[in-house]
Amino acid sequence: MLNLTIFSAGSFRHVLNELVTIFKQKNPVEVHLHLAPAGLLRQRLEADEYCDIFISANLQNINILSATKCIYNQQILAFNQLILTTLNTEHYQHRNTLDILFDESLRLATSTPIADPCGDYTWHLFELLEQAYPVSGSLLKQRAMPLVGGENSAVVIPQGEIASKYVLQNNHADMMIGYANYMHKLANENLRFHHFPPEFNIKATYSAAQLSENVITRLFFQFLMSDTAKRIMYQHGFLAE
């Protein structure tokens, strides 16, 4: 049986699990999935771990990897956004997103910059806020607790759990910045979602890189570009643009 090794951003795992199931119905292949923050996965690839397809939550990891690895093909797959999540309590009712974010009495959890693209996007958000509200971005960087997404994160998220739900419901923080695509999976978890104003609405770009040239890799990479794959991505909360 043929083998296919995929390194993918953890936030893409629900999409990827569904895509792999469909792909295997027509192709006899053993798929080996490695799911983790894309920055950490890139470091493993730079250390010469074998991989056929790398899916990153940002283009930067693929651009960095191209300096040392042959990339046969690359493609933007979909987009995501950041969102602020809290528990669904009266304390957060009738308050806008920035009011909550700037509240220094609240503990703010984030992903880890460099290791996890979500952390990179969050730091970019802080920099945009700094331009509009001087000092605010710097204070947010000081207050932020990068609890997840690092090699030795302070909070270990159990397999299958979504970070924001686990962090908030276990009282590790009062609010967390994460990816918006998880909203529909958390709709009944007693959480409240706070959207950022359009001028601070960071767009995350999910991209795939083809790192080998065998037949099964080419077939799966083409499948990632198909209408079926796009429909599944959108069903899981990802955006077309």
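Between F7 and H34, the two ring planes are tilted [angle within 30° to 60°]. Between F220 and F23, the two ring planes are perpendicular [angle over 60°; tilted spans 30° to 60°].
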Exercise. Given the rule in the side chain to side chain contact (heavy atoms under 4.5 Å, CB included) test, do I71 and I62 qualify, once you have shown the distances and angles that lead to the verdict?
Worked result: CA-CA 9 Å; I71 295 178; I62 293 175; 3.7 Å; yes
Exercise. So F12 and F238, ring pair (Phe, Tyr, Trp, His ring centres under 6.0 Å) or not? Walk me through it.
Worked result: CA-CA 9 Å; F12 207 63; F238 290 87; 5.3 Å; yes
Exercise. Where do H236 and E18 land on the side-chain hydrogen bond (donor to acceptor under 3.5 Å, both in side chains) test, with the steps shown first?
Worked result: CA-CA 10 Å; H236 283 274; E18 193 167 340; 2.8 Å; yes
For this session: Tell me, with the steps shown, if H32 and N3 meet side-chain hydrogen bond (donor to acceptor under 3.5 Å, both in side chains).
Result: CA-CA 7 Å; H32 306 278; N3 288 279; 2.9 Å; yes
Problem set entry | Trace of the side chain to side chain contact (heavy atoms under 4.5 Å, CB included) decision for I216 with L219 | CA-CA 5 Å; I216 201 66; L219 283 174; 4.3 Å; yes
For this session: Dump the intermediate steps for ring pair (Phe, Tyr, Trp, His ring centres under 6.0 Å) on F79 and Y206, then the final yes or no.
Result: CA-CA 6 Å; F79 299 93; Y206 282 66; 8.8 Å; no
Exercise. Hey, mind stepping through M233 and H14 against side chain to side chain contact (heavy atoms under 4.5 Å, CB included) and telling me if it holds?
Worked result: CA-CA 9 Å; M233 293 175 202; H14 298 293; over 6 Å; no
For this session: Applying side chain to side chain contact (heavy atoms under 4.5 Å, CB included), run through F221 and I53 and close with a yes or a no.
Result: CA-CA 8 Å; F221 197 87; I53 292 176; 4.3 Å; yes
Exercise. What's the verdict on salt bridge (Lys or Arg N to Asp or Glu O under 4.0 Å) for K69 and D48, showing C-alpha distance, side-chain angles and the deciding distance?
Worked result: CA-CA 9 Å; K69 300 292 181 183; D48 290 331; 2.4 Å; yes
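N61 has its side chain within reach of F54: a pair of non-hydrogen atoms, C-beta onward, lies under 4.5 Å apart. Q75 is not listed as a side-chain neighbour of L224, based on a closest heavy-atom distance of 4.5 Å or more. You'll find the side chain of S207 stays beyond 4.5 Å of the side chain of I55, heavy atoms only. Contact annotation: the side chain of I100 approaches that of Y92 to within less than 4.5 Å [non-hydrogen atoms, C-beta and beyond]. H194 has its side chain out of reach of T85: every pair of non-hydrogen atoms, C-beta onward, lies at least 4.5 Å apart. Using a 4.5 Å heavy-atom threshold, the side chains of I232 and I22 count as touching. Taking 4.5 Å as the limit, every side-chain heavy atom of L40 sits out of range of all side-chain heavy atoms of D116. Contact of the M175 side chain with the R107 side chain is not registered, since no non-hydrogen atoms from C-beta on lie closer than 4.5 Å.
Panel note: side chain S153, backbone V156; no donor-acceptor pair is recorded below 3.5 Å. The main-chain N or O of H172 is never found under 3.5 Å from a side-chain atom of N170 such that the two would form a donor-acceptor pair. Formation of a donor-acceptor pair under 3.5 Å by the R143 side chain with backbone atoms of D103 is found in this model. Side-chain atoms of Q74 never come within 3.5 Å of backbone atoms of A209 as a donor-acceptor pair (strictly under, hydrogens ignored). Put simply, the side chain of E130 gets close to the backbone of S138: a donor and an acceptor are under 3.5 Å apart. Not a single donor-acceptor pair under 3.5 Å links the side chain of D52 to the backbone N or O of T217. Side-chain N or O atoms of N201 include none that pairs as donor or acceptor with a backbone N or O of P197 at under 3.5 Å.
Sparse packing is recorded around CD1 of I114, with 12 or fewer heavy atoms of other residues, nucleotides or ligands lying under 6.0 Å away. Crowding of E151 atom CD: a count of heavy atoms from other residues, nucleotides or ligands under 6.0 Å not exceeding 12. Around CD of E189, the count of heavy atoms belonging to other residues, nucleotides or ligands within 6.0 Å exceeds 12.
Taking every heavy atom of both residues into account, A173 and L147 meet most closely at CB-CD1, 4.4 Å. In terms of heavy atoms, Y182 sits closest to G10 at OH-O, 4.0 Å. Here the closest heavy-atom approach between residue Y179 and residue C118 is recorded as OH-N, 3.1 Å. Across all their heavy atoms, S111 and P146 have their closest contact at O-CB, 3.8 Å. A163 and I157 make their closest contact through CA-CD1, 4.0 Å (heavy atoms, listed as atom of the first residue, atom of the second, distance). In terms of heavy atoms, A115 sits closest to G150 at CB-CA, 4.1 Å.
Cation-pi geometry between K141 and F126 is not met at under 6.0 angstrom from the ring centre and within 45 degrees of the axis.
Among the candidates L106, T89, V167, the single residue satisfying the side chain to side chain contact (heavy atoms under 4.5 Å, CB included) test with D174 is L106. V20 pairs with exactly one of L33, V29, V15 by the side chain to side chain contact (heavy atoms under 4.5 Å, CB included) rule, that one being L33. The only member of L140, I177, D120 that meets side chain to side chain contact (heavy atoms under 4.5 Å, CB included) when paired with L125 is I177.
Here the CG-CG distance, from L65 to L211, works out to 6.0 Å after rounding to the nearest 0.5 Å. Taking CD1 of I202 as the reference point, atom OG1 of T122 lies at 8.5 Å (rounded to 0.5 Å). Between the CD atom in Q169 and the OG atom in S164 there is a gap of 9.0 Å [rounded to 0.5 Å]. Distance check: T205 OG1 to Y121 OH gives 5.0 Å after rounding to the nearest 0.5 Å. Distance check: L41 CG to L35 CG gives 8.0 Å after rounding to the nearest 0.5 Å. Going from atom CE of M176 over to atom CE of M145 covers 9.5 Å, rounded to the nearest 0.5 Å.
Under the 4.5 Å side-chain heavy-atom criterion for ILVMFWY residues, a single connected hydrophobic cluster contains both L2 and L4. There is a path of hydrophobic side-chain contacts, each under 4.5 Å, that joins V215 to M225.
A distance below 6.0 Å separates the ring centres of F102 and Y133.
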